[in-house]
Amino acid sequence: MSRYDPSVIEPRWQTAWDEAGVFAARHDPARPKYYVLEMFPYPSGRIHMGHVRNYTMGDVVARFKAAQGFSVLHPMGWDAFGMPAENAAMERGGHPKDWTYGNIADMKAQMRPLGLSIDWSREFATCDPEYYGQQQALFIDMLAAGLITRKAAVVNWDPVDMTVLANEQVIDGKGWRSGAAVERRELVQWFFKISDYSEELLSALDGLKDWPEKVRLMQANWIGKSRGIEVDFPLTSPFAGQTALTCYSTRPDTLRAATFMAIAPEHPIARALAEADPKVAAFCEEARRGGTSEEAIETAEKLGHDTGLTVRHPVYPDKTLAVWIGNFVLMEYGTGAIYCCPGHDQRDLDFARKYRLPVVNAFHMPGETNVIGTEALVPAKDVTVAYDQHFTGITLSTAYDAIERSIDWMEAQGLGKGQVKYRLRDWGLSRQRYWGCPIPVVHCATCGVVPEKKENLPVELPYDVSFDKPGNPLDRHPTWRDVPCPTCGAPAKRETDTMDTFVDSSWYYARFTAPRSKTPTDAAEVDYWMNVDQYIGGIEHAILHLLYSRFFARAMHKTGHLPAKAIEPFSALFTQGMVTHEIYRTTDAQGRPVFHLPEDVIRSEAGATLKDGTAVEVIPSAKMSKSKKNVVDPMNIIAAYGADTARWFVMSDSPPERDVEWTASGAEATFKHLNRVWALCDRIGQMPADHRGEGDDDLARATARAIDEVTRSIEGFAFNKAIAALYGFTNTLAKANASTAVMKEAIRTLARLMSPMTPHIAESIWSYQGGDGLCAQAEWPKADPALLVDDTVTLPIQINGKRRAEISVAKDMAVPEIEKIALANEDVLRFLAGQPVRKIIVVPGRIINVVV
RNA sequence: GCCCGCGUGGUGAAAUGGUAGACACAGGGGACUUAAACUCCCCAGGCCGCAAGGCCGUGCCGGUUCAAAUCCGGCCGCGGGCACCA
C-alpha cells in the first residue's frame, strides 16, 4: 500500500460508485425502503461548513441504512427562487436565471468531491419550468378545491422606491435602499387557507413521536389555540352606524379591571373619526409608520389617541370606559378592538401610566395588598389568587378555573359567547417580484379571476426583463402580461405576482419520488417512497417551512396528489445545530453597515483589519448568513486534506444538534488520524499469515464493543460518540497483539464502521484487506452478543454521596453479599471511623451508597 | 416585547438521577534526530500538600433526593424564530 493520498483515492472511488450505480434509488417492492432527505440548499454559489455538516449527517444515515439492507432514496436539489438573484441583477447587472444556474453549477462542482451517496439523476431546481409548471398545476387544483382565497393584507411599503419590501429589507423602520420611512399598506393578495387546518395541524403534532419536543412545542405555540370570549361593549352613543365595540379576550376573569378600550387605526370607527378630524387622521397616519413584522410592532413605542368616545362596561353598567386608538392594535387579528386591563397586563399598564389612565386590580395574591406601581400583577394561570368582588362570586381560584367560570356565567347572562380561536393566520403567498413561480391566473374584465388552462402550463417567466427600476418587471412587460382570457378569449391581464418561495419548498420532497413525472407526483412512486423517514435540517426552519409543508401535504392529499399516509410527510425530524462564525463589519460613507467575508479579513491578537489595513469591527458568532457574509469556504480543507477529513471532522467534535463555532484547528489532527489508520492497515496487511498472538479474545471483544457502540451511536444521531468509539477502537487495534486472521477481521470491521463517515479511505482499506465487492455495498457488521458481557463489574462506593472507594465484584453477585464486601472494605472502614451505618443503598451494576 | 433552546477544564465535548471531564484539539515534558519536522511515549479541572491524600468544582441563587451537570423554582448571559431572508 502506498502513502495515504486522498486526491488519488477519492476521485477513484467516486468513479467506481458511479459506474456501479451504487446510489441510484431503486423502487424494489421486495426490500424495505428508507427515504433520507436533507433540507435542500439555496444556490448561493458557494458551499459552506453548514452544508458540509448537514449533508454529511444525511450521508451517514443513508450509507448506514443501505448497509443494513434498505433500498435508500437520498436525493438533492436546489431551492432556487428568491430575492438574492434579483438583488444580484440590480447590483451587478446580469439576469437572475443566469446567476442562479451559474451558482448551481458552481455549488454542485463543490459538492461532488464530498463523495455523498446522492442519486443525482433525480436532481432538479425549483426554478426549472418543469418543476414550477407542476407547482402551478397544484395551485390550480388547490384553487378549485377551495384551499386558496384572495383578501387584503398589510405589506411594508417603501414610498420612495414605490415598492413592497421584505421584512429583512426594513431596517429600523427605513427602506434598505431608499432610507425612506416605511409605511404599512394594504394590498389584495393570494392566500392559502392554512387556518382551516389549525386544529388538525395542532392535534396531529401528538403523532410526531420522532420529532424534537421543542419543535412540536414551537409549532403548537405558533398555532396558538386559545379559549376565550367575545364580548360587546355598548357605545354610550352610537357612532358611524355602530352601537357597540366587539372584543375577544382570553382573560374574562379580569374583565372587572378593564379601564379603557383600544381600537386599531384601520378600525371603521377610527376611519370615520379620521375623516372628520384632521388630528385623528394625522395620528392614524403616524400609527401606520414602521414595518409589519410582529417584532417591529411589539417593540415599537406604544402610541395612543383619545377618541372622546366612551363605552359602557357590559357587566358593570355604571362604569364607562374611554375608547383610544392604539398603534399596537391590529385590524388583522380578532376584531380590531381590545379592552385593556392595566392591572394584569404589562403592555396595558405601560400605556395606562403614559396616558394617565386608571388602573385597578381584578385580584390580589392571597393575604397581600398588591398596589400596582410600574409592574402589572401577572401570576401564572395555575396560581391561586383572591378575586375582588368578582361578577361570578368567585373568591379564591386559579385563573384557569376563573376563566371557565367567567365564560359560563357570561354565556348564561347572554353577555358574550365562548369561543376557540387560533393565532395561526392564513398564508399569504403573493410576492410582487420577478424571480418566483408565476401565479397561473388571468384577470378578465368579464370573467373575473380565471385559472390558466393546464395544457398551457408552465406559465413561464419571460427572459427579456430589466432590473434598472424598482418594482416587479413583470408589471411592465406588456407582451407577457397582456393575454386573452382562457375562458372568453377577450383581452385580459396575467397575474404579475409570483409565489412565496416557501411554496417551492413545501412539496419538493414529494417531487423527488418521481422528478420527471408529467403530473406533480406519480401515484406508484409516492406510495412506495413516502414518507420521508428521516428529514434533517436547521432549527431555524422549526416553524414556517415545516408547518407549511405539513399543510401542503394535506392539501396535496385533498387534491389527489398524495396518499393519506403522507399527510405528515416527515416521519422523523432531526434539527442540526448551526455552524456559527464571527461577523466582520465596517461602515460606508453613508454610515450603513458593510459586511466582509472571513477570507478578506486578517485576524490578529490586536483585532481585525481588511487587507488594506482598514479596521474591522468583530461581532460575536452568529448563524452563518449570506447577508452578514460570515461564511466559511470548506473547499480549501478538501483541497488540503481530502473529503474524508472534512467529513470526519465536522461529525467528530460537537453533538450534531448543537451549534458549532467553526475553527480551522482540528482538521489537521483528523488528517493525521486517517494517516495512522492507513499505516495500521498497511502493517496488518504485511503480517505473516501464520502469526499467532496472545490477544485474540481481547481484540474480538473490543471489535464487538466497537460495533455495538458505533451502531447505537449512529442510530441515536450521536455521530460524535460514534467517532469517539472509533478512535478508541483504532487505538486498541494499533496496540493489539493478536493473530493475523483476527487482526484482519478487526480492520475490515473498522473499515465498515468508518465507511458512513469516511467512505473513501474505508473503500481502500476494504479492498486492500480482501473485502468482497465495494465497501459501500457491504453488509453492516453485527456484534456477537456473547462478547459484549463482562463477568466482573467495578462498583464505586460512596459515603454520604461522596465517592470514597471502589470494589470489583462478579456481575451477578447478590445485593446482601455486595453490602457485606462493601462494609468490610478498608477504605470504607477508615472513613466510617466507627460511626453506625444508617442505610446502605446498592444499585446493582452501578453504585453503592453508605449513609451514616 | 412574545415563543423555543443552550450554558460542564485553556478549547470542542462525555456522563441525562448513580465514579464529572471518556474521546479529541491546543499546551507541557520525554524518546528518536547533527538539528528540525514527522512519528512514538508520558502529563494535564482548580486549590493545598514532598507524598499519601484532602478540599472545592458543571453560568448564579435556592429546593427535592441516600445521591443532582441531569429533576423543580427564581435569576443572569448567549442563540434561534416572530408569518415578505432562505
Side-chain angles (χ1 to χ4, degrees), chain A residues 39 41-42 44 79 81-84 153 155-156 164-170 189 194 212-215 217-222 224 291-300 302 328 346-347 350 423-433 500-502 504-505 538-545 547-548 575 577-578 580 620-623 625-627 652-655 657-661 663 665-666 668-670 672-673 675-676 679 718 720-721 723-728 731 794-806 838-841 843 845-852:
Chain A
M39 291 179 185
Y42 179 81
S44 61
D79 189 13
F81 276 134
M83 292 200 304
V155 296
N156 301 305
V164 177
L165 298 178
N167 283 336
E168 78 158 6
Q169 298 173 321
V170 180
Q189 310 258 288
I194 189 172
E213 181 60 37
K214 64 178 168 185
V215 174
L217 191 57
M218 278 191 260
Q219 292 215 351
N221 288 339
W222 185 262
T292 59
S293 74
E294 187 172 312
E295 184 191 5
I297 290 162
E298 288 282 326
T299 54
K302 309 282 181 290
F328 53 95
Q346 193 59 46
R347 291 176 305 168
D350 295 341
R423 202 185 77 101
L424 180 65
R425 311 197 303 257
D426 280 334
W427 169 12
L429 70 113
S430 301
R431 296 292 180 269
Q432 294 71 43
R433 290 183 230 293
D500 176 13
T501 54
F502 273 123
D504 312 333
S505 56
I539 185 67
E540 67 272 25
H541 296 292
I543 298 175
L544 292 178
H545 162 61
L547 192 62
Y548 289 157
T575 53
M578 288 169 299
T580 62
S621 267
K623 168 190 167 185
S625 80
K626 292 171 284 292
S627 58
S652 66
D653 264 5
S654 289
E657 67 277 13
R658 207 183 286 192
D659 288 356
V660 60
E661 158 113 31
T663 60
S665 69
E668 174 87 32
T670 299
K672 284 182 191 171
H673 175 72
N675 272 288
R676 276 194 295 272
N720 55 326
K721 286 189 244 173
I723 284 180
L726 286 168
Y727 269 115
N731 292 341
T794 302
L795 292 179
I797 303 174
Q798 296 182 329
I799 293 170
N800 284 347
K802 281 183 187 291
R803 185 186 166 281
R804 296 300 184 188
E806 65 179 37
R838 280 177 37 209
K839 198 171 171 187
I840 179 162
I841 291 145
V843 184
R846 302 239 52 153
I847 204 163
I848 300 159
N849 193 7
V850 181
V851 187
V852 294

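In what follows, chains are A, B, ... by sequence order, proteins preceding strands, each numbered from 1.
Listed by first and then second residue, the salt bridge (charged side-chain N to carboxylate O under 4.0 Å, His left out) pairs involving residues 794-805 of chain A are A/Arg803-A/Glu806 (not counting sequence neighbours).
A/His673 meets the ring pair (Phe, Tyr, Trp, His ring centres under 6.0 Å) test with A/Trp648, A/Tyr727; sequence neighbours excluded. A/Ala725 meets the side chain to side chain contact (heavy atoms under 4.5 Å, CB included) test with A/Glu709, A/Val710; sequence neighbours excluded. Not counting sequence neighbours, the partners of A/Glu298 by the salt bridge (charged side-chain N to carboxylate O under 4.0 Å, His left out) test are A/Arg347. When the side-chain hydrogen bond (donor to acceptor under 3.5 Å, both in side chains) test is applied to A/Asp426, the partners found at least two apart in sequence or on another chain are A/Lys151, A/Ser195. A/Arg423 meets the side chain to side chain contact (heavy atoms under 4.5 Å, CB included) test with A/Trp222, A/Glu294; sequence neighbours excluded. Qualifying side-chain hydrogen bond (donor to acceptor under 3.5 Å, both in side chains) partners for A/Asp504, counting only residues two or more places apart in sequence or in other chains: A/Gln135. Residues passing the ring pair (Phe, Tyr, Trp, His ring centres under 6.0 Å) test with A/Phe502 are A/Tyr548, sequence neighbours excluded. Partners of A/Asp350 according to the side-chain hydrogen bond (donor to acceptor under 3.5 Å, both in side chains) rule, which considers only residues two or more places apart in sequence or in another chain, are A/Gln346.
Across all strands shown, A/Val155 has heavy atoms under 4.0 Å from base atoms, whether or not it also approaches the sugar-phosphate. Here A/Gly428 lies in heavy-atom contact (under 4.0 Å) with sugar-phosphate atoms only.
Distances shown here put every side-chain N or O of A/Asn221 at or beyond 4.0 Å from the OP1 or OP2 atom of B/G81. OP1 or OP2 of B/C56 sits under 4.0 Å from a side-chain N or O of A/Lys802.
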- Heavy-atom contacts, protein to nucleotides 66-74 of chain B, under 4.0 Å, summarised as B (base), S (sugar-phosphate only) or - (none) per nt, yield BS-------
- Task: Starting at the 5' end of RNA chain B, write a dot or bracket for each base, bracketing those in Watson-Crick or G-U wobble pairs whose two distances are under 3.5 Å and using | for partners on another strand.
- Result: (((((((..(((.....[....))).(((((.......))))).((((....))))..(((((..]....))))))))))))....
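Side-chain proximity of A/Ile539 to the nucleotides B/G18, B/A83, B/G80 is greatest for B/G80.
In B/G9 the base sits syn relative to the sugar, since the glycosidic angle is no further than 90° from 0.
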Which atom pairs link the protein and nucleotides 13-17 of chain B when you take only N or O atoms and keep those under 3.5 Å?
from	atom 1	to	atom 2	distance (Å)
B/A13	OP1	A/Ser654	OG	3.4
B/A14	OP1	A/Asn720	ND2	2.9
B/A15	OP1	A/Lys721	NZ	2.3

